Amino acid sequence: MKYLAIAFFWFFSISAYATEIEKISWGTEVWKGYTDKDGSGIYTQILERIFSNAGVEINISYMPFARTLHLVKINKLDFAGGIPRDKTKAKDYIQAKYPIAVNRFVAFFHKETLDKWQGKASLEGRVIVATPHQAEQAGLEEEDVYVVETREQALQMVLNKRAAFFLDNEKVLENIIKENQSAFDPDDYRTEDVGTSGYYMIAPNTERGQAIMDIYEKGTLGLYKSGELNALYSQRGFSTPRIEE
C-alpha cells in the first residue's frame, strides 16, 4: 500500500507539473531532412505538433550535437536527441519510450574496394570513418571506427583512399554525396546496408524533465493512434517507428 501511494503521488505531481510548462528549450544540430532551420525536418514537425497540441512553445537552439547532450545531462537544456536506445538506464537523463525515427545506416566506398558485399563482415580489418556516435547507432563498436568531427572530412578520407568506408545514416549520407558530387564521379562508388537503429529523445532527470517527457510520450501515442504520425513520416519518405503502449 505504501508503494502504491508513492506511485500515485508521483503520477499526479508529474501531471500537475506538466500543466505548468508553457515553454521548453530544445537543442539540436542541423541535419537536412531532420532539423532543417526552415522547420521542414521530420524531428521539427513531430515535436512542434506534439508540444503545440499541449499548449507548449518550443525554443530551438542550433549547436553541435555533443553539446546538446551535455547540456541536457547538466540540466541546462530541456530536450535533445536522438540517440540510440540505452543498454542500461542512465542516471543523468531520461530517455523516451518511443523512437522519434528509425533509420538505415550504410557504408560508402569505392567499387574497387571489394567485389562482393558480405554485410558487416566486409568491414572487418578495414579503416572505417564516421562522425561521433554513428558507429554505435549502426551496431558497431566505437573503437573499430576512426572518428572525425565533420562528414566532409569523412567523405574526403574515402575519396583520398585514407579510409575504405564512410559509415553514416542513409539519408544524411545521400545529402552529403549530392552536395559534394562535383569532387568525384558517383558512378565509381556505391553504398551498402550496415544496419538499422532507432533514435530516442532525452530530457534531464528532474521533475520538470519527467513532466516534459510525459507530454512528449503521450503526444506521440496520440498522433500514432490518430494516424497523423504515419502521415507525417510518409510525406517525408521516412518509415514510421513502431509505437507500442
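What you see is a predicted model, and the numbers here were worked out from it, not measured in a lab.
- Note: the hydrophobic cluster containing Val102 does not contain Leu47 (ILVMFWY, side chain heavy atoms under 4.5 Å, direct or indirect links).
- The minimum heavy-atom distance between Ile42 and Leu232, with the atom names listed, is CD1-O, 3.6 Å.
- Cation-pi check for Lys37 over Tyr62 is met; the charged atom lies under 6.0 angstrom from the ring centroid and within 45 degrees of its normal.
- Ring planes of Phe51 and Phe79: perpendicular class, angle over 60° (limits at 30 and 60°).
- In this structure, Ala54 and Ile215 approach most closely via the heavy-atom pair CB-CG2, 3.7 Å.
- With hydrogens and angles disregarded, a donor-acceptor distance shorter than 3.5 Å links the side chain of Asn169 to the backbone of Val172.
- For Thr240 and Asn230, the side-chain atoms include at least one donor-acceptor pair closer than 3.5 Å.
- A donor-acceptor contact shorter than 3.5 Å links the side chain of Asp38 to the backbone of Ser40.
- Val127 is not connected to Leu167 by any chain of hydrophobic side-chain contacts under 4.5 Å among Ile, Leu, Val, Met, Phe, Trp and Tyr, and they are in different clusters.
- A salt bridge is absent between Asp188 and Lys111; no separation between the charged side-chain nitrogens and carboxylate oxygens falls under 4.0 Å.
- Contact check for Asn59 versus Glu57: side-chain heavy atoms found under the 4.5 Å cut-off.
- Looking at every heavy atom in both residues, Asp168 comes nearest to Leu173 through CB-CB, 4.1 Å.
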Apply the test side-chain hydrogen bond (donor to acceptor under 3.5 Å, both in side chains) to residues Tyr93 and Asn75: give CA-CA distance (whole Å), side-chain angles for both, the deciding distance (0.1 Å), then the verdict. CA-CA 9 Å; Tyr93 63 83; Asn75 196 23; over 6 Å; no
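- Closest approach of Ser122 to Lys116, counting heavy atoms only: OG-O, 3.9 Å.
- Counting heavy atoms of neighbouring residues, nucleotides and ligands inside a 6.0 Å radius, atom CG of Asp115 does not exceed 12 of them.
- In summary, the side chains of Gln153 and Thr150 do present a donor paired with an acceptor at a separation below 3.5 Å, with no hydrogens or angles considered.
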Is there a side-chain contact (heavy atoms from CB on, under 4.5 Å) between Lys23 and Ile21 once you walk through the steps? CA-CA 6 Å; Lys23 186 181 297 184; Ile21 295 174; over 6 Å; no
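- Ile202 and Ile243 fall within the same hydrophobic cluster, defined by Ile, Leu, Val, Met, Phe, Trp and Tyr side-chain heavy atoms under 4.5 Å apart, directly or through other members.
- At least one side-chain heavy atom of Trp26 sits less than 4.5 Å from a side-chain heavy atom of Met201.
- No side-chain donor-acceptor contact under 3.5 Å links Gln156 and Arg162.
- The environment of CD in Glu112 is sparse: at most 12 heavy-atom neighbours from other residues, nucleotides or ligands sit within 6.0 Å.
- Distance alone, capped at 3.5 Å, is enough to place a donor-acceptor pair between the Asn180 side chain and the Ile176 backbone.
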Could you walk me through whether Glu124 and Arg126 pass the salt bridge (charged side-chain N to carboxylate O under 4.0 Å, His left out) test, one step at a time? CA-CA 5 Å; Glu124 295 177 2; Arg126 305 277 192 150; over 6 Å; no
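- In this structure, Leu155 and Phe108 have side chains that are in contact, with non-hydrogen atoms separated by less than 4.5 Å.
- The side-chain tip of Lys97 does not point at the ring of Tyr216 from less than 6.0 angstrom away and within 45° of straight on.
- Of the N and O atoms on the side chains of Asp36 and Tyr43, not one donor lies less than 3.5 Å from an acceptor on the other residue.
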Determine whether Phe65 and Val30 satisfy the following criterion, side-chain contact (heavy atoms from CB on, under 4.5 Å), listing intermediate values before the conclusion. CA-CA 9 Å; Phe65 184 56; Val30 177; over 6 Å; no
Could you walk me through whether His133 and Ile83 pass the side-chain contact (heavy atoms from CB on, under 4.5 Å) check? CA-CA 8 Å; His133 308 292; Ile83 63 172; over 6 Å; no
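- The side-chain heavy atoms of Val147 and Glu142, taken from C-beta on, include a pair separated by under 4.5 Å.
- For Glu149, the CD atom counts as loosely surrounded, since its 6.0 Å shell holds 12 or fewer non-hydrogen atoms of other residues, nucleotides or ligands.
- Of all heavy-atom pairs spanning Tyr200 and Ala96, the tightest one is CD2-O, 3.4 Å.
- Rounded to the nearest 0.5 angstrom, Met213 CE and Asp78 CG are separated by 10.5 Å.
- In this structure, Gln95 CD and Asn205 CG are separated by 12.0 Å, a value rounded to the nearest 0.5 Å.
- Atom CD of Glu207 sits about 8.5 Å away from atom CD of Glu20, to the nearest 0.5 Å.
- Looking only at distances, no side-chain donor or acceptor of Glu22 sits under 3.5 Å from a matching main-chain atom of Gly55.
- Asn103 and Tyr34 are linked by a side-chain donor-acceptor pair at a separation below 3.5 angstrom, with hydrogens and angles left out of the test.
- Residue Glu174 holds its CD atom at 6.0 Å from NZ of Lys171, rounded to the nearest 0.5 Å.
- The closest donor-acceptor contact from the side chain of Ser52 to the backbone of Arg49 lies under 3.5 Å.
- Counting non-hydrogen atoms of neighbouring residues, nucleotides and ligands closer than 6.0 angstrom, the CZ atom of Arg190 exceeds 12 such neighbours.
- For NZ of Lys120, the number of neighbouring non-hydrogen atoms (other residues, nucleotides, ligands) closer than 6.0 Å is greater than 12.
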In sequence, state the C-alpha distance, the side-chain angles, and the governing distance for Arg67 and Leu77, and then conclude on side-chain contact (heavy atoms from CB on, under 4.5 Å). CA-CA 10 Å; Arg67 179 165 174 74; Leu77 193 65; over 6 Å; no
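- One distance of note links CD of Glu217 with CD1 of Ile212; it measures 12.5 Å at 0.5 Å rounding.
- Under the 4.5 Å side-chain heavy-atom criterion for Ile, Leu, Val, Met, Phe, Trp and Tyr, Leu221 and Leu223 are members of the same hydrophobic cluster.
- Counting all heavy atoms, side chain and backbone alike, Val129 lies closest to Ala154 at CG1-O, 3.6 Å.
- A distance-only check finds no donor-acceptor pair linking the side chain of Asp144 to the backbone of Leu140 [under 3.5 Å].
- Follow the hydrophobic side-chain contacts under 4.5 Å out from Leu71 and you reach Ile58 in the same cluster.
- Phe109 pairs with exactly one of Phe166, Tyr189, Trp117 by the ring pair (Phe, Tyr, Trp, His ring centres under 6.0 Å) rule, that one being Trp117.
- The line from OG of Ser25 to CD1 of Ile60 is 11.0 Å long, rounded to the nearest 0.5 Å.
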